[in-house]
Amino acid sequence: MAVSSRRPPRSRRAARVVIVLLALIWTQFPFGSGGASAEGGHELALCCAWGKSLDDANLTYNVSSPDPASTQVIRNAVEEWDGDLPALTLTEVPVGSPADITIRFTPADGRTEGQAVTSFTRRGLISKVEITIQGALAPANSGGLGQIAKHEFGHALGLGHTNYEGNLMSPAVSPDPQPVPPCVIQGVIEANRGKMTDPQGKRPAPPRVSQVAC
Ligand SMILES: [Zn+2]
């Protein structure tokens, strides 16, 4: 959690913190270098929990992209997350209408990259996430696009990074398609525990733990 709650508010309601997380696709994936930190073991950091947007167990998203095939790859990535999280529904809405999570794809030469910019309420809960992805088009780049989209959406759901290489949520992402790992799904549930394990439950609250084994 960023420690900027003492920053002077820009306005009464805009006293919010923003976190930016950047990811890259490795062109040569460093297999075999997946050693954990000496003391800790394999862990996935939890960033934060959604605020009241999650009260209805639904988050909305839209995908802004000039290329239909690439749009579909990104949409498939979100739909995979949707299927992985029975306690939550992810609903696509048209570009231009309000969405909890916006995803913008910009075709570009070179390495596939993604960024998630997360905005928070004053209580440190997620209020909005803006994902940007750039890279080559599908179908040639379907693997890279899909994996980056799943990775960034993981941030949008409250995750940080793993402390080792080779996981979907490692800072550098493999372009080889792989399902969202079970420990990563568990991380999202833990991050949003208040709402995702007890839907009737209390007010949303930040994660109780800062990481899960992964
Ligand atoms: Zn990342």
Side-chain angles (χ1 to χ4, degrees), residues 1-2 4 17-31 33-37 40 42-50 59 61 63 65 70 73-74 76-78 80-81 84-85 90 100-106 108 110-120 124-136 141-192 206-207 209-214:
M1 188 68 55
S4 10
V17 184
V18 172
I19 288 184
V20 180
L21 287 161
L22 185 68
L24 300 171
I25 283 286
W26 278 109
T27 42
Q28 289 180 301
F29 188 61
F31 277 114
S33 66
S37 64
H42 283 195
E43 283 167 356
L44 168 64
L46 306 184
C47 165
C48 12
W50 272 89
L59 293 175
Y61 71 97
V63 184
S65 153
S70 302
V73 168
I74 293 167
N76 290 348
V78 180
E80 183 180 327
W81 267 117
D84 287 337
L85 295 166
L90 301 169
D100 298 313
I101 300 162
T102 60
I103 306 172
R104 176 181 300 276
F105 171 63
T106 306
R111 194 149 66 167
T112 307
E113 298 180 357
Q115 177 176 286
V117 178
T118 303
S119 301
F120 297 92
L125 299 165
I126 304 172
S127 57
K128 181 183 174 191
V129 180
E130 295 168 286
I131 293 172
T132 54
I133 297 171
Q134 65 176 56
N141 189 32
S142 291
L145 269 185
Q147 289 301 105
I148 279 282
K150 279 192 270 186
H151 174 106
E152 298 305 335
F153 214 86
H155 289 317
L157 293 169
L159 300 179
H161 286 142
T162 58
N163 62 352
Y164 62 98
E165 302 289 352
N167 185 280
L168 175 67
M169 294 312 297
S170 300
V173 182
S174 165
D176 298 329
Q178 57 163 317
V180 180
C183 65
V184 172
I185 297 168
Q186 208 48 47
V188 170
I189 294 169
E190 183 61 40
N192 296 280
V209 296
S210 58
Q211 72 244 332
V212 293
C214 195

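Scope of the values below: all heavy atoms of this structure, side chains included, with no hydrogens, waters or symmetry mates. Both ligands and their constituent atoms are indexed starting at 1 by order of listing. What you are looking at is a predicted structure, and each value in this text was computed from that prediction instead of being measured.
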List in chain and number order the residues that pass side-chain contact (heavy atoms from CB on, under 4.5 Å) with Cys214, two or more places apart in sequence or in another chain; answer none if no residue qualifies. Leu44, Tyr164, Asn167, Cys183, Val184
Non-neighbouring partners of Gln115 that pass side-chain hydrogen bond (donor to acceptor under 3.5 Å, both in side chains), sequence neighbours left out: none
Sub-4.5 Å side-chain heavy-atom contact between Tyr61 and Ile131: no
Taken in chain and number order and not counting sequence neighbours, the residues that satisfy side-chain contact (heavy atoms from CB on, under 4.5 Å) with Pro179 are Glu80
Compare every heavy atom of Cys48 with every heavy atom of Gly124, then report the nearest pair and how far apart it is. O-CB, 4.4 Å
Which residues and atoms, protein N, O or S only, are under 2.8 Å from the Zn ion (ligand 1)? His151 NE2, His155 NE2, His161 NE2
Identify the heavy atoms of Gly187 and Val212 that sit nearest to each other, and give their distance. CA-CG2, 4.0 Å
